[in-house]
Amino acid sequence: MSPRYILVTGSVGFIGAHLCRRLLMRGDHVTAVDSLVRGDLPALNGLRAVRCIGT
């Protein structure tokens, strides 16, 4: 299966951060979007392949 390009919204929350990790482990390209109102950006620490976009 070839890698897919996936957009994850709410990416710094509990579920979003775990989803990003899982997709990256599978070999997908992940773009993470979050307003950072409730989440915490360090939730994505260590995920170098994630491109994060804050609103």
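Panel note: side chain Asp34, backbone Ser11; a donor-acceptor pair is recorded below 3.5 Å.
Partners of Arg22 by salt bridge (charged side-chain N to carboxylate O under 4.0 Å, His left out), not counting sequence neighbours: none found. Residues passing the side chain to side chain contact (heavy atoms under 4.5 Å, CB included) test with Leu19, sequence neighbours excluded: Val8, Leu23.
Side-chain contact between Val33 and Leu7 is present, with heavy atoms from C-beta onward closer than 4.5 Å. Here the side chains of Arg4 and Val30 are not in contact, with every heavy-atom distance at 4.5 Å or above.
Across Gly27 and Pro3, no two heavy atoms sit closer than the pair O-CB, 3.1 Å.
Here Ile15 is tied into one hydrophobic group with Phe14, each link being a pair of ILVMFWY side chains closer than 4.5 Å.
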